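All values reported here derive from a predicted model rather than from experimental measurement. All residue numbers in this chain count up from 1 along the given sequence.
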Amino acid sequence: MEAPPFASSTKTLPFRSSSASSLLFLPKTHLNFRRPRSFSVRASSAADSVVTLLDYGAGNVRSVRNAIRHLGFDVKDVQTPEDILNAERLVFPGVGAFAAAMDVLNKNGMAEAICSYIEKDRPFLGICLGLQLLFESSEENGPVKGLGLIPGVVGRFDSSNGFRVPHIGWNALQIEKDSLILDDVGSHHVYFVHSYRAMPSDENKDWVSSTCNYGDNFIASVRRGNVHAVQFHPEKSGDVGLTILRRFLYPKTNLEKKPTERKALKLAKRVIACLDVRTNDRGDLVVTKGDQYDVRKHTKENEVRELGKPVELARQYYKDGADEVSFLNITGFRDFPLGDLPMLQVLRYTSENVFVPLTVGGGIRDFTDANGRHYSSLEVASEYFRCGADKISIGSDAVYAAEEYLRTGVKSGKSSLEQISRVYGNQAVVVSIDPRRVYVKNPKDVEFKTIRVANPGPNGEEFAWYQCTVSGGREGRPIGAYELAKAVEELGAGEILLNCIDCDGQKKGFDIDLIKLISDTVSIPVIASSGAGSAEHFSEVFRKTNASAALAAGIFHRKEVPIQSVKEHLLNEHIEVRI
């Protein structure tokens with residue numbers, strides 16, 4: 001597997017510091033938002049205030065960097081194997097595919113340096129892939145040999161038992177032994193996003209400090225002496241995750257334990273805040289909200305609805321308890337995706353103080369600029385990951401790829417969906433589906449999957465199919481939501497964001513018929529979207545469908561239904577949520 005593309009700052013190693021911008025050619029645009037103030041406490045002395053970060057150029061490492069800085073430490077990027085050997089404390093936030101990571105580490109002498117560092121019991125924290133690489137091998141595109149420090153093979157989750165793969169969301173830990181950094185964390189949810197895991201065994205039981213249940217009990221963290229590694233993402237686990245990082249960075253500090261009213265038990269249903277971002281008529285970047293995808297006021301001026309500034313709203317939703325924040329740029333990237341400096345800045349600034357997953361969508365595709373320079377969708381996605389995105393959302397381009405796949409029966413490997421999932425893993429790719437309900441009297445009248453609807457059509461029709469659209473709902477395509485969902489899962493999607501144009505902005509509830517159809521069809525997580533108007537709508541969609549998460553926008557922006565009210569309602573309905 002190829003390593004992801006990045007711009008190297010040195011000639012000897014293909015590493016890229018995610019703190020540097022590779023897009024110095026970006027045009028000037030209106031940046032009428034303030035950079036949020038970052039609150040942190042500096043470490044006690046310069047010698048103790050540096051964390052060495054092993055960033056080999058894949059995925060979003062900016063969030064780890066920001067979390068470390070938020071806690072008062074400076075970051076030193078690894079440039080040579082000697083930087084690893086000389087580190088006071090080393091953090092390895094592995095992102096992407098196992099084989100690609102090992103290839104980079106072996107080619108540059110990093111693998112041997114990491115092994116030597118860990119064998120000397122030096123302070124080490126591996127995150128996600130940074131844990132998996134410590135094992136003997138992985139079945140991901142393999143077998144592929146790992147660092148071999150911990151006995152065991154990393155294998156894929158079994159989806160045949162009804163559990164959705166990737167494992168995405170906030171799950172509970174079972175603490176197996178004193179782990180130091182996980183003290184008091186067993187009562188809380190932490191954020192996982194992965195398709196592969198290592199299993200506990202007699203051979204590695206001395207390493208295992210916690211497990212997590214998702215079909216089976218898999219290894220959630222390991223510890224031996226000063227060496228720690230976690231399968232989840234502390235930098236994306238909110239205040240709980242920051243506490244874990246703080247305990248690693250300040251091991252001799254006694255932190256006050258916060259009392260918990262309720263213990264985390266299992267994978268939680270996610271409540272996601274969505275921000276539709278576009279420029280208003282004055283050129284300022286604002287959050288808006290459509291009514292069946294129409295974002296303009298029905299007034300004489302026909303102005304864009306403005307509901308706030310994206311960075312400030314994202315920070316507020318993080319404080320309010322949103323499990324994820326999703327940005328959808330609904331007008332950018334038309335001609336020059338990487339020229340949208342404001343959106344890239346939104347990601348950079350938001351990730352400095354928002355420590356839950358960030359998704360960005362809009363214009364993830366191949367394109368050629370005015371000068372004839374071609375950019376691949378992989379390059380576009382790579383820049384978003386470097387700017388702070390954890391997942392990217394693909395819309396129209398996924399529809400075209402699915403149509404081609406269904407027409408030919410061949411996976412070309414060239415679509416944005418296939419390229420990005422191959423390099424970054426399918427857990428990093430969300431496909432956004434924008435369907436419109438089409439009523440029919442007889443299911444045999446159309447070639448697409450139809451269902452009997454709960455509410456008949458305008459002429460008494462009892463059946464409907466869901467026609468997919470592109471270009472923000474403006475163009476219908478000859479493919480149904482059912483057919484599209486199955487196709488994009490096969491092409492490498494890790495999650496589906498399921499909208500419904502008919503329900504958008506209506507506040508009458510999610511389209512239960514549609515969500516049940518798709519969530520029963522695919523084995524990847526499905527996010528319900530469009531139509532939320534009350535807290536009861538969230539419990540309804542979780543009770544009646546297999547949706548893993550539910551998303552809302554307008555009711556949160558207008559403060560009609562606070563996020564906390566939604567979660568309290570779900571708790572009262574005995575639905576697991578993160579508090």
Check the side chains of [Y] and [X] for a donor-acceptor pair under 3.5 angstrom, ignoring hydrogens and angles.
| X | Y | result |
| --- | --- | --- |
| S221 | S210 | yes |
| S523 | E489 | yes |
| S195 | N426 | yes |
| R437 | Y439 | yes |
| N499 | S529 | yes |
| Q132 | E140 | no |

Verify the ring-centre separation between [Y] and [X]: is it less than 6.0 angstrom?
| X | Y | answer |
| --- | --- | --- |
| F510 | F538 | yes |
| Y482 | F448 | no |
| H537 | F542 | no |
| H194 | F157 | yes |

Test your reading of the model: is there a side-chain donor-acceptor pair from [X] to the backbone of [Y], 3.5 Å cut-off?
| X | Y | value |
| --- | --- | --- |
| S237 | H233 | yes |
| E136 | G148 | no |
| N204 | S201 | yes |
| T469 | D434 | yes |
| D502 | V438 | no |
| K177 | D206 | yes |

Gap separating the [atom1] atom of [X] from the [atom2] atom of [Y], nearest 0.5 angstrom:
| X | Y | atom1 | atom2 | answer |
| --- | --- | --- | --- | --- |
| I392 | I364 | CD1 | CD1 | 5.0 Å |
| S326 | I272 | OG | CD1 | 7.0 Å |
| T359 | I527 | OG1 | CD1 | 6.5 Å |
| L131 | H228 | CG | NE2 | 12.5 Å |
| I512 | L517 | CD1 | CG | 12.5 Å |
| Y214 | Q231 | OH | CD | 13.0 Å |

Criterion side-chain hydrogen bond (donor to acceptor under 3.5 Å, both in side chains) on S382 and Y424, from CA distance to verdict:
CA-CA 9 Å; S382 296; Y424 290 103; 2.7 Å; yes
Ion pair check, [X] and [Y], cut-off under 4.0 Å:
| X | Y | answer |
| --- | --- | --- |
| D390 | K236 | yes |
| E418 | K411 | no |
| K391 | E324 | yes |

Residue set satisfying salt bridge (Lys or Arg N to Asp or Glu O under 4.0 Å) with E576, at least two apart, ordered chain then number -> R262
Give me the atom names and distance for the closest heavy-atom approach of E403 to P478.
OE2-CD, 3.6 Å
Side chains of V470 and D397: does their closest heavy-atom pair fall under 4.5 Å?
no
Test ring-ring contact (aromatic ring centres under 6.0 Å, His included), reference H167, set F232, Y191, F218, output is F218
Between Y405 and E490, is a side-chain hydrogen bond (donor to acceptor under 3.5 Å, both in side chains) present by the stated rule, with each step listed?
CA-CA 10 Å; Y405 173 55; E490 292 182 31; 2.4 Å; yes
What verdict does the salt bridge (Lys or Arg N to Asp or Glu O under 4.0 Å) test give for R543 and E540, after you've listed the backbone C-alpha separation in whole Å, the side-chain angles of each residue and the deciding distance to 0.1 Å?
CA-CA 5 Å; R543 289 246 181 255; E540 179 187 34; over 6 Å; no
Candidate pair E176 and T211, rule side-chain hydrogen bond (donor to acceptor under 3.5 Å, both in side chains), full reasoning
CA-CA 7 Å; E176 302 295 331; T211 59; 3.0 Å; yes
Evaluate whether atom NZ of K205 has more than 12 neighbouring non-hydrogen atoms of other residues, nucleotides or ligands under 6.0 angstrom away.
no
May I ask you to check whether over 12 heavy atoms, not counting those of N455, lie within 6.0 Å of atom CG?
no
Knowing that exactly one of I451, I433, I501, I479 qualifies, which makes a side chain to side chain contact (heavy atoms under 4.5 Å, CB included) with Y466?
I451
Check H189, R270, R578 against D323 for a side chain to side chain donor-acceptor pair (under 3.5 Å) and give me the one that passes.
R578
Partner of S539 under side chain to side chain donor-acceptor pair (under 3.5 Å), picked from K544, K269, E573, H569, is H569
